[in-house]
Undergrad: 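Sending over a structure as structure tokens; questions will come in a sec.
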Amino acid sequence: AHSHWRMSTHGELGGSTWLRVWLIAALVAGHTTPDDAVTHEGEYEHAASHAQRPHRRLLRAVLPQRSYLSSRRRLAGEIEGNLETLGYFAANVCIGSPGSMHQLIVDTGSSMTAVPCATCVRCGKHKNPKYDPSRSLTSASPTCKAPPYRIRCARCEANHCGYSVSYTEGSQIRGQVYTDQMHFGAGDRSFTERMVVGCQTFESGLFKGQVADGIMGISATRSGGLASPTPIDRLVEDRHMENIFSFCLSDRTGILVMGGKVRPDRASEVHWVPMRDQKFYALSLSDMQMGGKSFGVEKRRYQATIIDTGTTFLYLPPEAYRRLRMSYTSTCPWGACNARKHKTRYNDEFCFAMTQAELNTFETLSLVFDGTSKPLHLTPGEYTYELHARVTLPAGQAIHCLAAFDNKHAGVVLGAAVLRNREVILDRANRRVGFVRAVCETATPASSILSNNTFLSDRCGRRRRQLSEGGGAGPESRMSEEEGGGRLVFHSFADEDITSDYPVMHAPPWNASRGAVRTRGRAG
């Protein structure tokens, strides 16, 4: 979840996930977390143990690929991508004044935002130019003696707060901590908020080789390591935004919005499930069923079920995985499943050529959660994914692969594949998760079930700002844009920068005029 290394074809790039599972087990057993049990910026490890799997999805994804959307205009707040070739969700984020664009991996399991520094000579070549705090009028370098927002400086250099993050699969990032403005919304509803930004002076391993510039964590809590507040934390704390956000994914597009309230006229549509643990976006899964028949797996084996945008697919304990795999590989409508098996280079991929009508005949997979009597039903198209292999198939057929893998131990990870075709609401204030059926392919911030929301602005463009000491971000000092933006992009890594027309959103329900514009050198 917290690791973009797990945003792989099968989430296999999560080298540090074994520790996350151990820590969840320790939390459940009432043990404390060891001080040295820190990965990334110190988030508790809680998801699938993918360290043994080859790092194939991200390695495949970093190769140049033509975007299927390269010829069309994007909409505001949109996410783009696909399950087959993408290694992660990525958002175009504007940071600083004047703003600079950065493509950041969106991770619900960590709280740190970090980008390569302009001075970094040991960083990889990424999508955008490196972040240069010296060119931003609003950047500030916190000191170790008085770091803002209750962050914990992992290291100090000349009294400047620094960070160092190691990954169990071998990669590492480190650098200096800054605070700077992050841009939200679009048009006359745009505003900025000061965020903690890691400015990397060193990258190694997969972090160095990725196309995305950096990472943006939006975890449930800011535990461990630097204990950096997330963008959502900062909006809630400083602008009194509602402590809620949602995302909506289809096979290739979707949206991400923050703040707002569930529309009263649509409240009955939401399937609410209580969060099991306030430290994570964790649910209490009690049973799994195929076609209404229970897998017969002990409830305790499902515990620590995590909603994780940093994992692409569904990871299950061995007993549940075997039952799902058996159902998919032995109940094909054409008879012997192996007659249409598509072989890949990996033994744990189960793929078959079939028509859409044949896919629809497979049974529904149901997830039963504590705290609600209504299961979450996954259609065959939601627990499989389409593989675009270079093979000739009969007319109407496509290759569909099981989008689930063996977790090797107890615990479940609900990755992107099984979160498609719903708006997923993370209601942090009320410690619950909501699911709403939606056509995510055509969703926009305006169509979200959360009214009066906002979103990350990905348009830095040419801007003008009236800087005044102690001035607010209201009409007299608000940054204005020549073109509105606000796209969150689920990238195919070869996308061109495409302008978009943006329908003006409603004003955010919190006080968007709060907060002074600070000049460089003033932390906080």
Side-chain angles (χ1 to χ4, degrees), residues 75-79 89 91-94 104 106-108 111 113 149 181-196 216-222 229-249 254-267 269-270 272 275 281 307 309 422-436 438 440 443-459 472-474 478-479 484-488 502-515:
L75 301 174
E78 188 174 74
I79 9 186
F89 291 96
N92 283 337
V93 182
C94 185
L104 306 183
V106 178
D107 183 14
T108 59
S111 62
T113 295
Y149 314 126
Q181 298 291 339
M182 186 177 289
H183 300 245
F184 297 86
D188 63 355
R189 303 304 184 188
S190 63
F191 63 97
T192 63
E193 182 56 60
R194 184 165 290 274
M195 302 290 169
V196 176
M216 182 185 70
I218 51 174
S219 60
T221 56
R222 49 178 191 167
T230 70
I232 294 174
D233 292 333
R234 293 290 300 122
L235 293 176
V236 171
E237 293 168 2
D238 201 48
R239 295 186 178 268
H240 306 296
M241 182 187 82
E242 288 85 355
N243 197 2
I244 191 171
F245 71 96
S246 75
F247 59 87
C248 189
L249 301 175
I255 58 168
L256 173 91
V257 299
M258 293 169 276
K261 296 181 179 180
V262 174
R263 301 178 190 275
D265 60 333
R266 298 186 59 192
E269 300 176 32
V270 185
W272 290 110
M275 286 188 194
Y281 301 122
I307 291 180
T309 62
R422 292 172 177 83
E423 185 167 0
V424 181
I425 309 163
L426 284 302
D427 186 351
R428 295 155 35 122
N430 295 300
R431 297 180 59 183
R432 58 182 182 172
V433 178
F435 300 93
V436 183
C440 299
T444 66
S447 69
S448 167
I449 198 166
L450 297 179
S451 62
N452 295 331
N453 57 62
T454 192
F455 46 85
L456 291 161
S457 174
D458 72 346
R459 292 308 304 264
R478 177 183 294 141
M479 177 177 292
R487 300 185 301 272
L488 176 68
Y502 175 67
V504 175
M505 296 294 299
H506 296 293
W510 60 91
N511 185 357
S513 64
R514 293 182 67 250

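Below, each value reflects all heavy atoms present in this structure, side chains not excepted, and no hydrogens, waters or symmetry copies.
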Undergrad: Which atom names give the shortest non-hydrogen contact between Leu235 and Met258, and what distance separates them?
TA: CD1-SD, 4.5 Å
Undergrad: Check the pair Thr192 / Phe184 against side chain to side chain contact (heavy atoms under 4.5 Å, CB included), numbers first and verdict last.
TA: CA-CA 6 Å; Thr192 63; Phe184 297 86; 5.9 Å; no
Undergrad: Holding to side-chain contact (heavy atoms from CB on, under 4.5 Å), I want the full list of residues that pass it with Val270, two or more places apart in sequence or in another chain.
TA: Val262, Trp272, Ile425, Val436, Ile449
Undergrad: Closest approach of Arg234 and Pro229, non-hydrogen atoms and distance?
TA: CD-CG, 3.8 Å
Undergrad: Any side-chain heavy atom of Thr108 within less than 4.5 Å of one from Ile307?
TA: no
Undergrad: Could you check if a side-chain atom of Met182 sits within less than 4.5 angstrom of a side-chain atom of Leu456, using non-hydrogen atoms only?
TA: yes
Undergrad: Nearest 0.5 Å please: distance from the CG atom of Asp427 over to the CE atom of Met275.
TA: 7.0 Å
Undergrad: Mind checking whether Leu256 and Phe245 have side chains closer than 4.5 Å, heavy atoms only?
TA: yes
Undergrad: Got a second to check how far Glu242's CD is from Ser451's OG, nearest 0.5 Å?
TA: 8.0 Å
Undergrad: Ser246 and Glu423: which non-hydrogen atoms are nearest, and at how many Å?
TA: OG-OE2, 2.7 Å
Undergrad: Could you give the distance from CD (Gln181) to CD (Glu193), rounded to the nearest 0.5 Å?
TA: 6.5 Å
Undergrad: Walk me through whether Leu426 and Ile244 qualify under side chain to side chain contact (heavy atoms under 4.5 Å, CB included).
TA: CA-CA 6 Å; Leu426 284 302; Ile244 191 171; 6.0 Å; no
Undergrad: Kindly give the heavy-atom pair with the smallest separation between Thr454 and Met241, and that separation in Å.
TA: CG2-SD, 4.5 Å
Undergrad: Is any side-chain heavy atom of Phe455 closer than 4.5 Å to a side-chain heavy atom of Ile255?
TA: no
Undergrad: Could you tell me whether the side chain of Ser457 and the main chain of Ala186 form a donor-acceptor pair under 3.5 Å?
TA: no
Undergrad: Nearest 0.5 Å please: distance from the OH atom of Tyr149 over to the CZ atom of Arg222.
TA: 10.0 Å
Undergrad: Could I get the full list of side chain to side chain donor-acceptor pair (under 3.5 Å) partners for Arg428, not counting sequence neighbours?
TA: Asp233, Asn243, Tyr281
Undergrad: Not counting sequence neighbours, which residues clear salt bridge (charged side-chain N to carboxylate O under 4.0 Å, His left out) with Arg431? List them please.
TA: none
Undergrad: Write down the atom of Arg263, the atom of Leu450, and the distance for their closest heavy-atom approach.
TA: NH2-O, 3.9 Å
Undergrad: Do you know which two heavy atoms are closest between Gly217 and Pro231, and how far apart they sit?
TA: O-CD, 3.5 Å
